[in-house]
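In what follows, a single structure is set out as C-alpha coordinates and then discussed.
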Amino acid sequence: MILEIINVVILILNSILFFILGFIYRKKKSEKIMLSAEYESKKILEKSKELAETEKKELILEGKEIVHKLREKEENEISKQKEKIQQQENRLFQREEIIEKKLTNIESKEEIINEKLENIKSKSIELDSIKKTQLELLEKISGFTAVQAKNHILDSLQKELDDEKSMKISKYEEELKEESEIKAQEILSIAIQRCTWIHSSESMISVVSLPNDEMKGRIIGREGRNIKCIEKLTGVDLVIDDTPEAITLSCFDPVRREVAKISIERLILDGRIHPTKIEEVVNKVQSEMTREIKYHGERAVLETKISVIHPELIRLLGTLKFRTSYSQNVLKHSLEVAYLCGMIAAELKLNITLARKIGLLHDIGKALDYQIEGSHVEIGADIAKKYGESEEVVNAIRSHHNDVEPETEIAMILQTADAISASRPGARRENIEKYIKRLENLERIVSSFEGVQRCYAVQAGRELRVMVKPKIITDKRMPILTRTICKRVESELTYPSQIKVDLIREFHTFGYIK
(Lines give C-alpha, C1' and ligand atoms only; values in the text may rest on other atoms or scores of the structure.)
Protein backbone atom coordinates (compact mmCIF):
# COMPACT_ATOMS: atom_id res chain seq x y z
CA MET A 1 0.00 0.00 0.00
CA ILE A 2 2.83 2.40 0.90
CA LEU A 3 4.63 1.47 -2.29
CA GLU A 4 1.63 2.32 -4.39
CA ILE A 5 1.34 5.71 -2.69
CA ILE A 6 5.05 6.34 -3.29
CA ASN A 7 4.64 5.41 -6.97
CA VAL A 8 1.71 7.74 -7.33
CA VAL A 9 3.64 10.59 -5.69
CA ILE A 10 6.61 9.89 -7.97
CA LEU A 11 4.35 9.99 -11.03
CA ILE A 12 2.82 13.28 -9.89
CA LEU A 13 6.25 14.77 -9.28
CA ASN A 14 7.45 13.57 -12.69
CA SER A 15 4.47 15.13 -14.44
CA ILE A 16 5.01 18.42 -12.58
CA LEU A 17 8.68 18.33 -13.50
CA PHE A 18 7.88 17.66 -17.20
CA PHE A 19 5.34 20.51 -17.22
CA ILE A 20 7.85 22.96 -15.74
CA LEU A 21 10.54 21.91 -18.22
CA GLY A 22 8.09 22.24 -21.16
CA PHE A 23 7.00 25.68 -20.01
CA ILE A 24 10.64 26.83 -19.77
CA TYR A 25 11.33 25.43 -23.26
CA ARG A 26 8.35 27.14 -24.88
CA LYS A 27 9.24 30.43 -23.22
CA LYS A 28 12.78 30.36 -24.60
CA LYS A 29 11.48 29.40 -28.03
CA SER A 30 9.01 32.29 -28.08
CA GLU A 31 11.78 34.68 -27.04
CA LYS A 32 13.89 33.49 -29.96
CA ILE A 33 10.95 34.00 -32.38
CA MET A 34 10.40 37.52 -31.04
CA LEU A 35 14.07 38.35 -31.48
CA SER A 36 14.08 37.05 -35.09
CA ALA A 37 10.87 38.99 -35.88
CA GLU A 38 12.37 42.19 -34.55
CA TYR A 39 15.46 41.60 -36.63
CA GLU A 40 13.40 41.02 -39.79
CA SER A 41 11.27 44.12 -39.20
CA LYS A 42 14.38 46.24 -38.83
CA LYS A 43 15.68 44.88 -42.13
CA ILE A 44 12.35 45.65 -43.90
CA LEU A 45 12.31 49.18 -42.49
CA GLU A 46 15.86 49.80 -43.72
CA LYS A 47 15.00 48.49 -47.19
CA SER A 48 11.83 50.61 -47.40
CA LYS A 49 13.79 53.68 -46.40
CA GLU A 50 16.35 52.98 -49.12
CA LEU A 51 13.57 52.52 -51.73
CA ALA A 52 11.83 55.74 -50.63
CA GLU A 53 15.07 57.67 -50.98
CA THR A 54 15.69 56.32 -54.50
CA GLU A 55 12.11 57.09 -55.61
CA LYS A 56 12.37 60.57 -54.13
CA LYS A 57 15.56 61.23 -56.10
CA GLU A 58 13.95 59.92 -59.32
CA LEU A 59 10.84 62.14 -58.85
CA ILE A 60 13.03 65.18 -58.23
CA LEU A 61 14.95 64.47 -61.44
CA GLU A 62 11.74 64.02 -63.44
CA GLY A 63 10.34 67.29 -62.03
CA LYS A 64 13.51 69.13 -63.01
CA GLU A 65 13.28 67.73 -66.56
CA ILE A 66 9.60 68.81 -66.87
CA VAL A 67 10.41 72.31 -65.59
CA HIS A 68 13.28 72.52 -68.07
CA LYS A 69 11.03 71.49 -70.97
CA LEU A 70 8.32 73.98 -69.95
CA ARG A 71 10.91 76.76 -69.78
CA GLU A 72 12.18 75.88 -73.25
CA LYS A 73 8.57 75.85 -74.61
CA GLU A 74 7.75 79.23 -73.04
CA GLU A 75 10.99 80.71 -74.36
CA ASN A 76 10.15 79.45 -77.88
CA GLU A 77 6.65 80.94 -77.71
CA ILE A 78 8.00 84.25 -76.44
CA SER A 79 10.50 84.36 -79.28
CA LYS A 80 7.71 83.64 -81.83
CA GLN A 81 5.54 86.39 -80.36
CA LYS A 82 8.49 88.79 -80.59
CA GLU A 83 8.96 87.88 -84.26
CA LYS A 84 5.22 88.48 -84.97
CA ILE A 85 5.32 91.82 -83.18
CA GLN A 86 8.39 92.81 -85.15
CA GLN A 87 6.66 91.86 -88.43
CA GLN A 88 3.57 93.88 -87.47
CA GLU A 89 5.74 96.87 -86.64
CA ASN A 90 7.42 96.60 -90.03
CA ARG A 91 4.01 96.47 -91.75
CA LEU A 92 2.83 99.52 -89.82
CA PHE A 93 5.93 101.46 -90.86
CA GLN A 94 5.30 100.51 -94.50
CA ARG A 95 1.65 101.60 -94.25
CA GLU A 96 2.65 104.92 -92.73
CA GLU A 97 4.98 105.55 -95.66
CA ILE A 98 2.19 104.69 -98.16
CA ILE A 99 -0.28 106.97 -96.34
CA GLU A 100 2.21 109.84 -96.41
CA LYS A 101 2.67 109.37 -100.14
CA LYS A 102 -1.11 109.35 -100.69
CA LEU A 103 -1.50 112.52 -98.64
CA THR A 104 1.04 114.31 -100.77
CA ASN A 105 -0.80 113.11 -103.93
CA ILE A 106 -4.14 114.30 -102.51
CA GLU A 107 -2.71 117.75 -101.78
CA SER A 108 -1.43 118.06 -105.32
CA LYS A 109 -4.82 116.93 -106.72
CA GLU A 110 -6.62 119.47 -104.55
CA GLU A 111 -4.54 122.25 -106.08
CA ILE A 112 -5.46 121.03 -109.57
CA ILE A 113 -9.16 120.83 -108.62
CA ASN A 114 -9.11 124.38 -107.27
CA GLU A 115 -7.64 125.61 -110.53
CA LYS A 116 -10.36 123.75 -112.47
CA LEU A 117 -13.08 125.26 -110.26
CA GLU A 118 -11.86 128.75 -111.02
CA ASN A 119 -11.92 127.94 -114.74
CA ILE A 120 -15.49 126.59 -114.39
CA LYS A 121 -16.64 129.77 -112.65
CA SER A 122 -15.25 131.91 -115.42
CA LYS A 123 -16.83 129.67 -118.08
CA SER A 124 -20.21 129.70 -116.28
CA ILE A 125 -20.19 133.52 -116.44
CA GLU A 126 -19.48 133.33 -120.16
CA LEU A 127 -22.30 130.76 -120.62
CA ASP A 128 -24.78 132.99 -118.79
CA SER A 129 -23.99 135.85 -121.11
CA ILE A 130 -24.30 133.58 -124.18
CA LYS A 131 -27.60 132.18 -122.87
CA LYS A 132 -28.94 135.67 -122.40
CA THR A 133 -28.05 136.70 -125.94
CA GLN A 134 -29.55 133.47 -127.37
CA LEU A 135 -32.82 134.06 -125.49
CA GLU A 136 -33.03 137.57 -126.92
CA LEU A 137 -32.48 136.16 -130.42
CA LEU A 138 -35.12 133.46 -129.91
CA GLU A 139 -37.66 136.04 -128.70
CA LYS A 140 -37.01 138.15 -131.81
CA ILE A 141 -37.30 135.15 -134.17
CA SER A 142 -40.40 133.55 -132.56
CA GLY A 143 -42.19 136.75 -131.70
CA PHE A 144 -42.95 135.35 -128.20
CA THR A 145 -41.52 136.36 -124.87
CA ALA A 146 -40.25 133.65 -122.50
CA VAL A 147 -43.45 133.81 -120.43
CA GLN A 148 -45.66 133.58 -123.53
CA ALA A 149 -43.71 130.57 -124.85
CA LYS A 150 -44.03 128.82 -121.48
CA ASN A 151 -47.82 129.40 -121.41
CA HIS A 152 -48.13 128.10 -124.97
CA ILE A 153 -46.33 124.84 -124.07
CA LEU A 154 -48.46 124.39 -120.95
CA ASP A 155 -51.65 124.87 -122.96
CA SER A 156 -50.63 122.21 -125.45
CA LEU A 157 -49.78 119.78 -122.60
CA GLN A 158 -53.16 120.51 -120.99
CA LYS A 159 -54.94 119.58 -124.22
CA GLU A 160 -52.99 116.30 -124.43
CA LEU A 161 -53.91 115.49 -120.82
CA ASP A 162 -57.58 116.22 -121.51
CA ASP A 163 -57.52 113.81 -124.45
CA GLU A 164 -55.87 111.16 -122.29
CA LYS A 165 -58.49 111.68 -119.57
CA SER A 166 -61.32 111.17 -122.04
CA MET A 167 -59.71 107.95 -123.26
CA LYS A 168 -59.34 106.73 -119.68
CA ILE A 169 -62.96 107.53 -118.89
CA SER A 170 -64.21 105.54 -121.90
CA LYS A 171 -61.94 102.68 -120.89
CA TYR A 172 -63.34 102.71 -117.33
CA GLU A 173 -66.89 102.68 -118.71
CA GLU A 174 -66.11 99.52 -120.67
CA GLU A 175 -64.57 97.91 -117.60
CA LEU A 176 -67.64 98.67 -115.50
CA LYS A 177 -69.71 96.49 -117.85
CA GLU A 178 -67.69 93.50 -116.62
CA GLU A 179 -68.30 94.31 -112.97
CA SER A 180 -69.24 90.79 -111.93
CA GLU A 181 -65.97 89.29 -113.19
CA ILE A 182 -63.88 92.08 -111.65
CA LYS A 183 -65.71 91.70 -108.33
CA ALA A 184 -64.91 87.99 -108.27
CA GLN A 185 -61.26 88.71 -108.99
CA GLU A 186 -61.15 91.28 -106.20
CA ILE A 187 -62.62 88.79 -103.71
CA LEU A 188 -60.03 86.18 -104.67
CA SER A 189 -57.13 88.64 -104.56
CA ILE A 190 -58.20 89.92 -101.12
CA ALA A 191 -58.39 86.35 -99.81
CA ILE A 192 -54.98 85.48 -101.26
CA GLN A 193 -53.28 88.60 -99.87
CA ARG A 194 -54.78 88.14 -96.39
CA CYS A 195 -53.78 84.48 -96.21
CA THR A 196 -50.08 83.89 -96.88
CA TRP A 197 -48.39 80.69 -95.77
CA ILE A 198 -44.87 79.33 -96.03
CA HIS A 199 -44.79 75.61 -96.80
CA SER A 200 -41.64 73.60 -96.18
CA SER A 201 -40.72 70.97 -98.76
CA GLU A 202 -40.76 67.45 -97.34
CA SER A 203 -40.28 64.02 -98.92
CA MET A 204 -41.36 60.42 -98.30
CA ILE A 205 -38.00 59.47 -96.77
CA SER A 206 -36.22 60.67 -93.65
CA VAL A 207 -32.48 60.96 -93.08
CA VAL A 208 -30.93 60.53 -89.62
CA SER A 209 -27.52 62.12 -89.09
CA LEU A 210 -24.94 60.06 -87.20
CA PRO A 211 -22.01 61.34 -85.11
CA ASN A 212 -19.67 58.93 -86.92
CA ASP A 213 -19.71 55.90 -89.24
CA GLU A 214 -19.02 53.51 -86.33
CA MET A 215 -22.57 54.20 -85.14
CA LYS A 216 -23.88 52.30 -88.20
CA GLY A 217 -22.40 49.08 -86.82
CA ARG A 218 -23.97 49.69 -83.42
CA ILE A 219 -27.38 50.33 -85.02
CA ILE A 220 -27.08 47.08 -87.03
CA GLY A 221 -25.97 45.17 -83.91
CA ARG A 222 -24.56 41.68 -83.56
CA GLU A 223 -25.89 39.52 -86.43
CA GLY A 224 -28.30 42.38 -87.23
CA ARG A 225 -30.41 42.00 -84.11
CA ASN A 226 -30.72 45.78 -83.44
CA ILE A 227 -31.80 46.74 -86.96
CA LYS A 228 -34.24 43.84 -87.09
CA CYS A 229 -35.73 44.92 -83.76
CA ILE A 230 -36.14 48.55 -84.97
CA GLU A 231 -37.74 47.49 -88.27
CA LYS A 232 -40.06 45.05 -86.49
CA LEU A 233 -41.25 47.54 -83.84
CA THR A 234 -41.65 50.58 -86.15
CA GLY A 235 -42.52 49.00 -89.50
CA VAL A 236 -39.88 51.15 -91.24
CA ASP A 237 -37.11 50.03 -93.60
CA LEU A 238 -33.61 51.21 -92.59
CA VAL A 239 -31.29 51.80 -95.54
CA ILE A 240 -27.65 51.76 -94.40
CA ASP A 241 -25.33 52.35 -97.35
CA ASP A 242 -22.07 54.19 -98.13
CA THR A 243 -23.54 57.61 -97.34
CA PRO A 244 -21.14 59.08 -94.74
CA GLU A 245 -22.57 59.66 -91.23
CA ALA A 246 -26.21 59.13 -92.26
CA ILE A 247 -28.87 56.45 -92.59
CA THR A 248 -32.13 56.61 -94.55
CA LEU A 249 -35.59 55.64 -93.29
CA SER A 250 -38.16 54.58 -95.88
CA CYS A 251 -41.86 54.00 -95.22
CA PHE A 252 -45.19 54.87 -96.85
CA ASP A 253 -46.66 55.74 -93.42
CA PRO A 254 -45.27 59.17 -92.39
CA VAL A 255 -46.23 58.69 -88.73
CA ARG A 256 -44.32 55.42 -88.44
CA ARG A 257 -41.36 57.02 -90.21
CA GLU A 258 -41.37 59.93 -87.75
CA VAL A 259 -41.55 57.50 -84.80
CA ALA A 260 -38.55 55.59 -86.14
CA LYS A 261 -36.55 58.78 -86.74
CA ILE A 262 -37.13 60.16 -83.23
CA SER A 263 -36.43 56.74 -81.65
CA ILE A 264 -33.09 56.33 -83.45
CA GLU A 265 -32.03 59.88 -82.58
CA ARG A 266 -32.78 59.25 -78.90
CA LEU A 267 -30.94 55.90 -78.94
CA ILE A 268 -27.88 57.61 -80.45
CA LEU A 269 -27.92 60.28 -77.72
CA ASP A 270 -28.39 57.68 -74.98
CA GLY A 271 -25.63 55.42 -76.28
CA ARG A 272 -27.28 52.19 -75.15
CA ILE A 273 -28.48 50.35 -78.26
CA HIS A 274 -29.85 46.86 -77.62
CA PRO A 275 -33.26 45.21 -78.20
CA THR A 276 -34.60 45.88 -74.68
CA LYS A 277 -33.69 49.58 -74.81
CA ILE A 278 -34.98 49.86 -78.38
CA GLU A 279 -38.38 48.46 -77.35
CA GLU A 280 -38.55 50.87 -74.38
CA VAL A 281 -37.69 53.95 -76.48
CA VAL A 282 -40.03 53.03 -79.37
CA ASN A 283 -42.98 52.48 -77.01
CA LYS A 284 -42.32 55.82 -75.32
CA VAL A 285 -42.05 57.68 -78.65
CA GLN A 286 -45.24 56.04 -79.93
CA SER A 287 -47.18 57.24 -76.90
CA GLU A 288 -45.70 60.75 -77.31
CA MET A 289 -46.60 60.72 -81.03
CA THR A 290 -50.21 59.83 -80.19
CA ARG A 291 -50.40 62.85 -77.88
CA GLU A 292 -48.74 65.08 -80.50
CA ILE A 293 -51.18 63.98 -83.22
CA LYS A 294 -54.09 64.79 -80.92
CA TYR A 295 -52.54 68.18 -80.08
CA HIS A 296 -52.05 69.20 -83.74
CA GLY A 297 -55.60 68.11 -84.63
CA GLU A 298 -57.14 70.04 -81.75
CA ARG A 299 -55.02 73.09 -82.54
CA ALA A 300 -56.17 73.08 -86.20
CA VAL A 301 -59.81 72.92 -85.06
CA LEU A 302 -59.28 75.77 -82.59
CA GLU A 303 -57.47 77.95 -85.14
CA THR A 304 -60.32 77.59 -87.64
CA LYS A 305 -62.92 78.18 -84.87
CA ILE A 306 -64.93 75.03 -85.62
CA SER A 307 -67.03 74.08 -82.61
CA VAL A 308 -68.46 70.59 -83.33
CA ILE A 309 -66.34 67.86 -84.91
CA HIS A 310 -65.87 64.13 -84.21
CA PRO A 311 -62.78 63.14 -82.13
CA GLU A 312 -61.69 60.63 -84.76
CA LEU A 313 -61.67 63.37 -87.41
CA ILE A 314 -59.51 65.46 -85.04
CA ARG A 315 -57.05 62.56 -84.78
CA LEU A 316 -56.93 62.15 -88.57
CA LEU A 317 -56.31 65.88 -88.96
CA GLY A 318 -53.35 65.57 -86.58
CA THR A 319 -51.81 62.80 -88.72
CA LEU A 320 -51.85 65.17 -91.72
CA LYS A 321 -49.09 67.12 -89.92
CA PHE A 322 -46.69 64.36 -91.07
CA ARG A 323 -48.17 63.93 -94.60
CA THR A 324 -47.03 65.77 -97.73
CA SER A 325 -48.49 66.08 -101.23
CA TYR A 326 -46.51 67.64 -104.12
CA SER A 327 -44.07 68.98 -101.47
CA GLN A 328 -46.93 70.74 -99.59
CA ASN A 329 -47.59 69.85 -95.95
CA VAL A 330 -51.19 68.61 -96.08
CA LEU A 331 -52.24 70.03 -92.68
CA LYS A 332 -50.87 73.49 -93.53
CA HIS A 333 -52.52 73.28 -96.95
CA SER A 334 -55.84 72.32 -95.32
CA LEU A 335 -55.61 75.23 -92.88
CA GLU A 336 -54.83 77.63 -95.72
CA VAL A 337 -57.80 76.36 -97.75
CA ALA A 338 -60.02 76.70 -94.64
CA TYR A 339 -59.01 80.34 -94.18
CA LEU A 340 -59.50 81.10 -97.89
CA CYS A 341 -62.94 79.47 -97.87
CA GLY A 342 -63.93 81.51 -94.81
CA MET A 343 -62.75 84.79 -96.35
CA ILE A 344 -64.49 84.20 -99.68
CA ALA A 345 -67.68 83.09 -97.88
CA ALA A 346 -67.56 86.28 -95.76
CA GLU A 347 -67.35 88.42 -98.91
CA LEU A 348 -70.34 86.55 -100.40
CA LYS A 349 -72.37 86.64 -97.12
CA LEU A 350 -72.39 82.81 -96.73
CA ASN A 351 -71.90 80.51 -93.71
CA ILE A 352 -68.27 81.17 -92.66
CA THR A 353 -68.02 78.34 -90.09
CA LEU A 354 -69.32 75.73 -92.55
CA ALA A 355 -66.94 77.02 -95.25
CA ARG A 356 -63.96 76.69 -92.89
CA LYS A 357 -64.99 73.18 -91.84
CA ILE A 358 -65.25 72.06 -95.48
CA GLY A 359 -61.86 73.61 -96.26
CA LEU A 360 -60.24 71.92 -93.26
CA LEU A 361 -61.70 68.47 -94.00
CA HIS A 362 -61.42 68.46 -97.80
CA ASP A 363 -58.16 66.40 -97.83
CA ILE A 364 -58.93 64.25 -94.76
CA GLY A 365 -58.77 61.16 -97.00
CA LYS A 366 -55.00 61.63 -97.38
CA ALA A 367 -54.63 60.51 -93.76
CA LEU A 368 -55.70 56.98 -94.82
CA ASP A 369 -55.11 56.75 -98.58
CA TYR A 370 -52.03 54.56 -98.01
CA GLN A 371 -54.11 52.10 -95.95
CA ILE A 372 -57.46 52.05 -97.80
CA GLU A 373 -57.81 51.42 -101.53
CA GLY A 374 -59.24 54.32 -103.52
CA SER A 375 -58.65 58.02 -104.14
CA HIS A 376 -58.34 60.45 -101.24
CA VAL A 377 -61.55 62.17 -102.45
CA GLU A 378 -63.71 59.05 -102.06
CA ILE A 379 -61.99 58.03 -98.82
CA GLY A 380 -62.44 61.53 -97.35
CA ALA A 381 -66.14 61.68 -98.31
CA ASP A 382 -66.80 58.24 -96.79
CA ILE A 383 -64.99 59.15 -93.56
CA ALA A 384 -66.89 62.44 -93.24
CA LYS A 385 -70.20 60.61 -93.77
CA LYS A 386 -69.23 57.87 -91.31
CA TYR A 387 -68.52 60.35 -88.51
CA GLY A 388 -71.74 62.31 -88.85
CA GLU A 389 -70.94 65.21 -91.17
CA SER A 390 -73.77 66.72 -93.24
CA GLU A 391 -74.47 65.97 -96.91
CA GLU A 392 -73.28 69.48 -97.76
CA VAL A 393 -69.84 68.71 -96.34
CA VAL A 394 -69.72 65.27 -97.97
CA ASN A 395 -70.66 66.66 -101.39
CA ALA A 396 -68.07 69.45 -101.13
CA ILE A 397 -65.30 66.93 -100.31
CA ARG A 398 -66.44 64.58 -103.09
CA SER A 399 -66.61 67.36 -105.69
CA HIS A 400 -63.49 69.43 -104.92
CA HIS A 401 -61.64 67.70 -107.82
CA ASN A 402 -64.73 67.70 -110.09
CA ASP A 403 -65.35 63.96 -109.62
CA VAL A 404 -69.01 64.88 -109.13
CA GLU A 405 -70.93 68.12 -109.68
CA PRO A 406 -70.87 70.61 -106.75
CA GLU A 407 -74.33 71.12 -105.30
CA THR A 408 -73.76 74.27 -103.20
CA GLU A 409 -72.00 77.62 -103.46
CA ILE A 410 -69.57 76.64 -100.68
CA ALA A 411 -68.56 73.53 -102.65
CA MET A 412 -67.60 75.81 -105.56
CA ILE A 413 -65.75 78.10 -103.13
CA LEU A 414 -63.76 75.04 -101.94
CA GLN A 415 -62.66 74.29 -105.53
CA THR A 416 -61.45 77.89 -105.93
CA ALA A 417 -59.65 78.00 -102.56
CA ASP A 418 -57.97 74.62 -103.20
CA ALA A 419 -56.75 75.82 -106.61
CA ILE A 420 -55.42 79.08 -105.10
CA SER A 421 -53.49 77.26 -102.35
CA ALA A 422 -52.01 74.76 -104.80
CA SER A 423 -51.09 77.22 -107.57
CA ARG A 424 -49.90 80.31 -105.70
CA PRO A 425 -46.16 81.18 -106.05
CA GLY A 426 -43.98 79.06 -103.78
CA ALA A 427 -46.69 76.58 -102.78
CA ARG A 428 -45.55 73.67 -104.89
CA ARG A 429 -42.15 72.80 -106.17
CA GLU A 430 -43.05 72.80 -109.87
CA ASN A 431 -44.31 76.45 -109.69
CA ILE A 432 -41.30 77.94 -107.89
CA GLU A 433 -39.17 78.02 -111.05
CA LYS A 434 -41.86 79.91 -113.02
CA TYR A 435 -42.29 82.36 -110.13
CA ILE A 436 -38.55 83.08 -109.91
CA LYS A 437 -38.31 83.36 -113.71
CA ARG A 438 -41.06 86.01 -113.71
CA LEU A 439 -39.19 88.07 -111.09
CA GLU A 440 -35.96 87.77 -113.08
CA ASN A 441 -37.72 88.93 -116.27
CA LEU A 442 -39.17 91.95 -114.45
CA GLU A 443 -35.73 93.00 -113.21
CA ARG A 444 -34.15 92.31 -116.62
CA ILE A 445 -36.65 94.47 -118.54
CA VAL A 446 -36.37 97.44 -116.17
CA SER A 447 -32.55 97.23 -115.96
CA SER A 448 -32.34 97.50 -119.77
CA PHE A 449 -33.53 101.15 -119.72
CA GLU A 450 -30.88 103.84 -119.99
CA GLY A 451 -30.23 105.62 -116.72
CA VAL A 452 -31.43 102.74 -114.47
CA GLN A 453 -28.78 101.97 -111.88
CA ARG A 454 -30.41 99.09 -109.96
CA CYS A 455 -33.78 97.34 -109.95
CA TYR A 456 -35.36 95.07 -107.32
CA ALA A 457 -38.62 93.10 -107.52
CA VAL A 458 -40.03 93.13 -103.97
CA GLN A 459 -43.23 91.99 -102.22
CA ALA A 460 -43.41 88.77 -104.26
CA GLY A 461 -43.22 90.72 -107.54
CA ARG A 462 -46.04 93.15 -106.70
CA GLU A 463 -43.64 96.14 -106.55
CA LEU A 464 -40.65 97.22 -108.64
CA ARG A 465 -38.17 99.41 -106.81
CA VAL A 466 -35.99 101.23 -109.38
CA MET A 467 -32.88 103.28 -108.54
CA VAL A 468 -31.97 105.73 -111.33
CA LYS A 469 -28.74 107.60 -112.03
CA PRO A 470 -29.30 111.26 -111.02
CA LYS A 471 -26.91 112.62 -113.64
CA ILE A 472 -28.84 110.98 -116.50
CA ILE A 473 -32.46 110.93 -115.25
CA THR A 474 -33.65 114.34 -114.06
CA ASP A 475 -36.72 115.03 -111.93
CA LYS A 476 -38.67 116.05 -115.04
CA ARG A 477 -37.85 112.78 -116.81
CA MET A 478 -38.99 110.59 -113.89
CA PRO A 479 -42.75 110.46 -114.82
CA ILE A 480 -41.91 109.76 -118.47
CA LEU A 481 -39.58 106.88 -117.53
CA THR A 482 -42.22 105.46 -115.16
CA ARG A 483 -44.87 105.40 -117.90
CA THR A 484 -42.42 103.85 -120.37
CA ILE A 485 -41.52 101.06 -117.93
CA CYS A 486 -45.22 100.32 -117.25
CA LYS A 487 -46.05 100.07 -120.96
CA ARG A 488 -43.03 97.85 -121.66
CA VAL A 489 -43.87 95.39 -118.85
CA GLU A 490 -47.57 95.34 -119.86
CA SER A 491 -46.66 94.42 -123.43
CA GLU A 492 -44.01 91.76 -122.69
CA LEU A 493 -45.05 89.92 -119.48
CA THR A 494 -48.06 88.10 -118.05
CA TYR A 495 -48.56 88.71 -114.33
CA PRO A 496 -51.34 88.47 -111.70
CA SER A 497 -53.08 91.53 -110.22
CA GLN A 498 -51.03 94.75 -110.66
CA ILE A 499 -47.42 95.86 -110.17
CA LYS A 500 -46.40 99.13 -108.54
CA VAL A 501 -43.37 100.89 -110.11
CA ASP A 502 -41.46 103.00 -107.59
CA LEU A 503 -38.66 105.20 -109.06
CA ILE A 504 -36.08 106.57 -106.63
CA ARG A 505 -33.62 109.33 -107.54
CA GLU A 506 -30.95 110.34 -105.02
CA PHE A 507 -28.38 113.07 -105.57
CA HIS A 508 -25.47 113.36 -103.14
CA THR A 509 -22.90 116.17 -102.90
CA PHE A 510 -19.76 116.17 -100.81
CA GLY A 511 -17.49 118.85 -99.45
CA TYR A 512 -14.53 119.16 -97.12
CA ILE A 513 -14.11 121.74 -94.36
CA LYS A 514 -10.44 122.68 -94.03
* Asked: In Å and rounded to the nearest 0.5 Å, what is the OG to CD distance from S209 to E245?
  -> 8.5 Å
* To do: For E288, enumerate each residue passing the salt bridge (Lys or Arg N to Asp or Glu O under 4.0 Å) test, keeping only those at least two apart in sequence or located in another chain.
  => R266
* Does the R505 side chain pair with the main chain of P470, one donor and one acceptor, at a distance under 3.5 Å? -> yes
* Does the side chain of S129 reach to within under 4.5 Å of the side chain of I125, using non-hydrogen atoms? -> no
* Rounded to the nearest 0.5 Å, how far does CG of L331 lie from CG of N329? -> 6.0 Å
* Asked: Are L313 and V301 side-chain neighbours, meaning at least one heavy-atom pair lies under 4.5 Å?
  -> no
* With I106 via side-chain contact (heavy atoms from CB on, under 4.5 Å) - residues at least two apart -> E110
* List in chain and number order the residues that pass salt bridge (Lys or Arg N to Asp or Glu O under 4.0 Å) with D128, two or more places apart in sequence or in another chain; answer none if no residue qualifies. => none
* With H376 via side-chain contact (heavy atoms from CB on, under 4.5 Å) - residues at least two apart -> D363, K366, D369, H400, H401
* **Candidate pair R465 and E463, rule salt bridge (charged side-chain N to carboxylate O under 4.0 Å, His left out), full reasoning** => CA-CA 6 Å; R465 198 163 293 167; E463 181 180 346; 3.3 Å; yes
* Atom pair CG/CD1 of L92 and I99 - distance to nearest 0.5 Å -> 9.0 Å
* Asked: For N105, which residues count as a side-chain hydrogen bond (donor to acceptor under 3.5 Å, both in side chains) partner, sequence neighbours excluded?
  -> none
* Nearest-0.5 Å distance that lies between atom CD in E258 and atom CG in L249 -> 9.5 Å
* To do: Applying ring pair (Phe, Tyr, Trp, His ring centres under 6.0 Å), name anything that partners Y387, two or more places apart in sequence or on another chain.
  => H310
* Asked: Going from CD1 on I314 to NZ on K294, what distance comes out if it is rounded to the nearest 0.5 angstrom?
  -> 8.5 Å
* Could you list all the salt bridge (charged side-chain N to carboxylate O under 4.0 Å, His left out) pairs where at least one residue sits in residues 478-489, not counting sequence neighbours? => E164-R483, R488-E492
* Ion pair E303/R299, N-O distance below 4.0 Å -> yes
* Structure fact -> With sequence neighbours left out, the residues meeting salt bridge (Lys or Arg N to Asp or Glu O under 4.0 Å) with R444 are none
* Quick one: does Q286's side chain have a donor or acceptor within less than 3.5 Å of a partner on V259's backbone? -> no
* Determine the minimum heavy-atom distance between C455 and L464, stating which atoms define it. => SG-CD2, 4.0 Å
* To do: Output, in order, the C-alpha distance, side-chain angles, deciding distance and verdict of salt bridge (charged side-chain N to carboxylate O under 4.0 Å, His left out) for K357 and E389.
  => CA-CA 10 Å; K357 179 186 278 190; E389 294 297 332; 3.5 Å; yes
* What closest approach, in Å, do I397 and A384 show between heavy atoms, and which atom pair accounts for it? -> CD1-CB, 3.8 Å
* Structure fact -> Distance col, row E118:CD vs K121:NZ, nearest 0.5 angstrom, shows 7.0 Å
* **Side-chain donor/acceptor of R323 to backbone N/O of V330, under 3.5 Å** => no
* Results of side-chain contact (heavy atoms from CB on, under 4.5 Å) for T290 - residues two or more places apart only -> none
* **salt bridge (Lys or Arg N to Asp or Glu O under 4.0 Å) against R477, all qualifying residues, sequence neighbours excluded** => none
* To do: Could I get the full list of side-chain hydrogen bond (donor to acceptor under 3.5 Å, both in side chains) partners for E312, not counting sequence neighbours?
  => R315
* Counterpart residues, side-chain contact (heavy atoms from CB on, under 4.5 Å), relative to I240 (two or more places apart) -> K216, I219, I220, I227, I247
